[in-house]
Novice: 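To start, I am sharing the structure in question, which I have written as structure tokens.
Numbering of ligands and ligand atoms starts at 1, following listing order. Computation of the quantities below employed the complete heavy-atom set of this structure, encompassing side-chain atoms and omitting hydrogens, waters and symmetry-equivalent molecules. Numbers here simply count residues along the sequence, with the first being 1.
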Amino acid sequence: MNQITNHLPTAELQALDAAHHMHPFTSNSELSEKGARVITRADGVTLTDSEGNQILDAMAGLWCVNIGYGRDELAEAAARQMRELPYYNTFFQTTHVPAIALANKLAELAPGDLNHVFFAGSGSEANDTNLRMVRQYWNLKGKPEKSVIISRWNAYHGSSVGSGSLGGMKGMHAQGGMPIPDIHHIDQPDWWSEGGDMSPEDFGLERAQQLEEAILELGEDRVAAFIAEPVQGAGGVIIAPDTYWPEIQRICDKYEILLIADEVICGFGRTGNWFGSQTMNIRPDIMTIAKGLSSGYAPIGGSMVSDEVASVIGSDEFNHGYTYSGHPVACAVALENLRIMEEENVVGYVRDVAAPYLKEKWESLTDHPLVGEAKISGMMASIALTPSENTRAKFASDAGTVGYICREFCFGNNLIMRHVGDRMVISPPLVLTTDEIDTLIERARKSLDQCYAKLKEDGLLVAAF
Ligand SMILES: *Cc1c(COP(=O)(O)O)cnc(C)c1O
């Protein structure tokens, strides 16, 4: 099969893809009719496809290519490490320099006393680790009945059985017997869709207090932890009202519930600080990391753990681990990524230049008739599409119909912007220049115009009642 190359005609690659490759989160029969888009190269923030289109990747792959594509230093770091020590495990009382160095670097970057890391191959695996770690923590503290983990509907924590159960995606739960026992979900702080007549502040408090209600209902002696993304990513870049996180922190403290911040998207500069927990001013006991940790150049994730949790877990053998926990090549790539982020002050660039500029331009989209609210935290942002700007109305069509139409126009205009239902989301590489932000906004606006015209033409500009 080594004759399958970038140089084959697109249709041939698409046919071979359809014949043998099952895509994630995709209806494969539908895709094989249409043919998958074949991406052949990437540099900076720009992808090239097999037809020669140059596409601005405003999603940084899947929210992960924080330092942009095409950094030779990471390729060199991987090649060097593969030559020196391509693989060794960290089970059975062994270690190696890349894992040692990355763990030390992460302890230095992470806030508070999150000084310990348990490595995994992905965010899903890291959340599976967390699930087991918090239960084992309470076991070792003599409270084995504290096993329930509270999460939120419409959260995304990964796609394995454990992490998918922690997540609150009903479409995922419906397939494959999820959630597993002892996971409890409360409502999300999405004021735009669910806030009704409440002010955002009152709504934020009400949604946070659902955590307290759940703890009291389940019994304080039954609840192990609460897990949440500082900003919900895959759920639609949902930023909680300002009242939400202080109340969550108060409740976790009051009832001694471990707080797990899933930083898989928010971590490594995305919100304008190293971690979203700093932006939201919360003190997690455990942080999930992945994606931006290596800027997606190598698969790696992990759990950052507080001194206290690490010392309790460390008091007995933890019967858990992955073949690729602390994979030396992935660790070397992540280290090089973090070196570049520090040396080029990427987080400072986001905070002082890129995010303020993007915020101004992004929020200007609210003057478009199709756009209700615009939300942004650092370099992740969303707009709610609506048939009637001033009422927060939803479309009469099935959720996602309009979002999908809009996304297809974006593709046509060489912009990758994703839709979550009828919300459009972006999460571009953090190194996006202000000129590239202008291009992004120009293409987004053009796509919105085309979408608006199309909805009018097809009679879809109708509100649900
Ligand atoms: C992507 C994501 C995950 C899962 O990470 P994988 O590497 O895909 O397993 C977990 N949590 C959040 C918040 C994510 O965005």
Novice: Strictly under 4.0 angstrom, heavy-atom based: which residues surround ligand 1?
Specialist: S122, G123, S124, N127, Y156, H157, G158, E229, D262, V264, I265, K291
Novice: Please test D285 against S306 for side chain to side chain donor-acceptor pair (under 3.5 Å), starting from the C-alpha separation and ending with a verdict.
Specialist: CA-CA 5 Å; D285 300 285; S306 72; 4.6 Å; no
Novice: Under the salt bridge (charged side-chain N to carboxylate O under 4.0 Å, His left out) rule, collect the residues that match up with R80, sequence neighbours excluded.
Specialist: none
Novice: For Y137 and E308, test the side chains for any donor-to-acceptor distance below 3.5 angstrom and give the result as yes or no.
Specialist: yes
Novice: Distance under 6.0 Å and angle within 45° of the ring axis: does R392 meet both against W191?
Specialist: yes
Novice: Between D253 and Q249, is there a side-chain donor-acceptor contact under 3.5 Å, judged purely by atom types and distance?
Specialist: yes
Novice: Judged by modelled atom types alone, do H23 and D17 share a side-chain donor-acceptor pair under 3.5 Å?
Specialist: yes
